[in-house]
Amino acid sequence: MAWLKVSDAFGAPVGTKVTVKGWVRTRRDSKADGGLSFVAVHDGSCFEPIQVVARADLPNYAAEIAKLNTGCSVEVEGELVESQGKGQSVEIAADAVRVVGWVDDPDSYPVQNKRHTFEFLREVAHLRTRTNTFGAVARVRHRLAMGVHRFFDERGFYWVHTPIVTASDAEGAGQMFRVSTLDSVNPPRTPEGQADFDKDFFGREAHLTVSGQLNVETYCCSLSRVYTFGPTFRAENSNTARHLAEFWMIEPEIAFADLADNAQLAEEMLKFLIDDLLTARPDDMAFFDLRIEKGLIDALKHVLETPFRRLPYTEAIEVLKSSGKKFEFPVEWGKDLQSEHERYLTEEKFKQPLIITDYPKDIKAFYMRLNDDGKTVAAMDVLVPRIGEIIGGSQREERLDVLDSRLEEMGLEKEDYWWYRDLRRYGTVPHAGFGLGFERLIQFCTGMQNIRDVIPFPRAPRQCEF
RNA sequence: UCCCCGAUAGCUCAAUGGUAGAGCGAGCGGCUGUUAACCGCUAGGUUGCUGGUUCGAGUCCAGCUCGGGGAGCCA
């Protein structure tokens, strides 16, 4: 008797003898036909649980089966049969139901057969994966991750494992977490009284990475098409539904490429991932469409069918100024776009993903390539409805003299970037890349409103329980 | 970090400064090839924490913690 995943049991021919193992989602009893119980069992292999029909003549019926609660783990042997009831095509007529694990106190078991708020479920993150929503999120997250690797592999990209720990403290993307083995209460001191990082594990200050970009550029300048996909850490005190202290980021980097190539790659990638997800997980996506975000599937299909609109920053400013909308923050060339501006452009004005390009150099990072106008850099942000910025990227400055003057302008030390500058000294090439926030992608694809609900164990300020 | 709102049963929420309640869930029973099942009964509380005002605080005040919405930082 084959032990099948629930998803495989659904696809097996009627009459097959099967074993399934999983957790009870609900139990309903009936006195008809001498008594029977309907036990819905899920094992994570698909959205729908399978219905097990356990009759009262089973030896452990009264003592065990009739006492099953939501959350109990069971092994079921039986025959796959056509269902007599509505709501499912097949079910398992049980020959045996073995209880593997009971629920200790059903009254206080957090994941009861009722609606729960996501805020509550976040407090029981170790159990929330048993719910419809979080099971679906987990499967979608997996599919999107595999889709990322497949997309790049099919196009000749290499996955580069850039370091998690970095000594570069000037990557320019915000506050970093320190990595240290020094005694945090009484560290060794320099003569000046500062903590002496020469005595630290790495012999210098070290932090968790905020981006693999600078490292992956080195591989780009030899392997041509590369990407990173790994955890990233920001110690910003951000308390929003779209920021985490630990999140996953995908950073492709392509050689002999400019900003237009970069934008095209970003668009192709997002469309590939959405298409693949809709094809591979129709069950979970139907759930998100029905219960989480009405119209989600149509909106994603619309994204697939519509070319992303390219919009230079300077034009975006003009569109905003002539919109007639009252914004809380003034629209002015040279200032960064505010959330309300981005939302107006992508949700109201154009109602589609936008790629804003060529931002003023003063609001962007040192490594972005200076345009011929001397005022803007070859940067791009991809904005999508509901989420806002999902991708940020740029063509990189490949000219050493321009890079150096940018470093100087921004008060950065050339010596700190010695190996990054070497890439421009030895066989430099135009190249470009971007960063895609993986959790924001999952939010976009599922309609989940809070980023803390699309990562298994969210890390945020004052939140590190699990 | 800033602005606004909130924290009461396992969960979602009620309760003029004066005896702490409902729905869902849970337990028991009834009914039914059930499926957001339905009907009846029962149990379930240090009202987030600390302090203050008051004869009396879930309710008013202060601080703290946590959560939500918005903003900034960004992906």
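This structure is a prediction, so every number in the text was calculated from the model and none was measured. Convention: sequence-line order gives letters A, B, ...; per-chain numbering from 1.
Side-chain atoms of A/T232 and A/R234 form no donor-acceptor pair, as typed in the model, at a separation below 3.5 Å. Under the 3.5 Å distance criterion, with hydrogens and angles disregarded, no donor-acceptor pair is assigned to the side chains of A/Y219 and A/T162. Residues A/T376 and A/N371 have side chains that bring a donor and an acceptor to within less than 3.5 angstrom of each other.
Rounded to whole angstrom, the span from the NE2 atom of A/H116 across to the P atom of B/rG10 amounts to 12 Å.
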Practice task
Would you sort out whether A/Y344 and A/F327 count as a ring-ring contact (aromatic ring centres under 6.0 Å, His included), showing the intermediate values?
Solution key: CA-CA 10 Å; A/Y344 168 78; A/F327 293 109; 5.8 Å; yes

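No donor-acceptor contact under 3.5 Å links the side chain of A/R28 to the base of B/rC38. Remark: the A/N239 side chain and the B/rU1 base include a donor-acceptor N/O pair separated by less than 3.5 Å. Judged by distance alone with a 3.5 Å cut-off, no donor-acceptor contact links the side chain of A/E328 to the base of B/rG70.
The residue A/F120 sits close only to the backbone: its heavy atoms come under 4.0 Å of sugar-phosphate atoms, none of a base.
A sub-4.0 Å separation between OP1 or OP2 of B/rA71 and a side-chain N or O of A/Q338 is absent. Proximity of A/S211 to the phosphate of B/rA75: no side-chain N or O atom is located under 4.0 Å from OP1 or OP2. Between A/S238 and B/rC74 there is no side-chain polar atom (N or O) within less than 4.0 angstrom of OP1 or OP2. For the OP1/OP2 pair of B/rC11 and a distance below 4.0 Å, the side-chain nitrogens and oxygens of A/N113 include no atom meeting the criterion. For A/R115 and B/rC13, the shortest distance from a side-chain N or O to OP1 or OP2 is not below 4.0 Å.
Projected onto RNA chain B by closest heavy-atom contact, A/V53 and A/I391 fall at different nucleotides, the more 5' of which corresponds to A/V53.
Between the P atoms of B/rC11 and B/rC3, the separation comes to 30 Å (whole Å). A distance of about 33 Å separates the P atoms of B/rU53 and B/rC13, rounded to the whole Å. Rounded to whole Å, the separation between the P atoms of B/rG27 and B/rA37 comes to 14 Å. Going from the P atom of B/rA14 to that of B/rC5 covers 16 Å, rounded to whole Å. Going from the P atom of B/rA15 to that of B/rU59 covers 14 Å, rounded to whole Å. Nucleotides B/rA20 and B/rA57 place their C1' atoms 13 Å apart, quoted to the nearest Å. Straight-line distance between the P atoms of B/rU8 and B/rU47: roughly 11 Å, to the nearest whole Å. Across B/rC39 and B/rG25, the matching P atoms stand 10 Å from one another, rounded to whole Å.
The aromatic rings of A/F157 and A/F152 sit tilted relative to each other, their planes meeting at an angle between 30° and 60°. Note on ring orientation: taking the six-membered ring where Trp is involved, the planes of A/W23 and A/H42 are tilted (angle from 30° to 60°).
Here A/Y109 does not lie in a stacked arrangement on the base of B/rA26, lacking the combination of planes under 30° and ring centres under 5.5 Å apart.
A cation-pi arrangement, defined by a distance under 6.0 Å to the six-membered ring centre and an angle within 45 degrees of its axis, is absent between A/R155 and A/Y227.
Among the duplex regions that RNA chain B forms, those built from at least three successive Watson-Crick or G-U pairs under 3.5 Å are B:1-7 with B:65-71, B:10-13 with B:21-24, B:26-30 with B:38-42, B:48-52 with B:60-64, ordered by first number.
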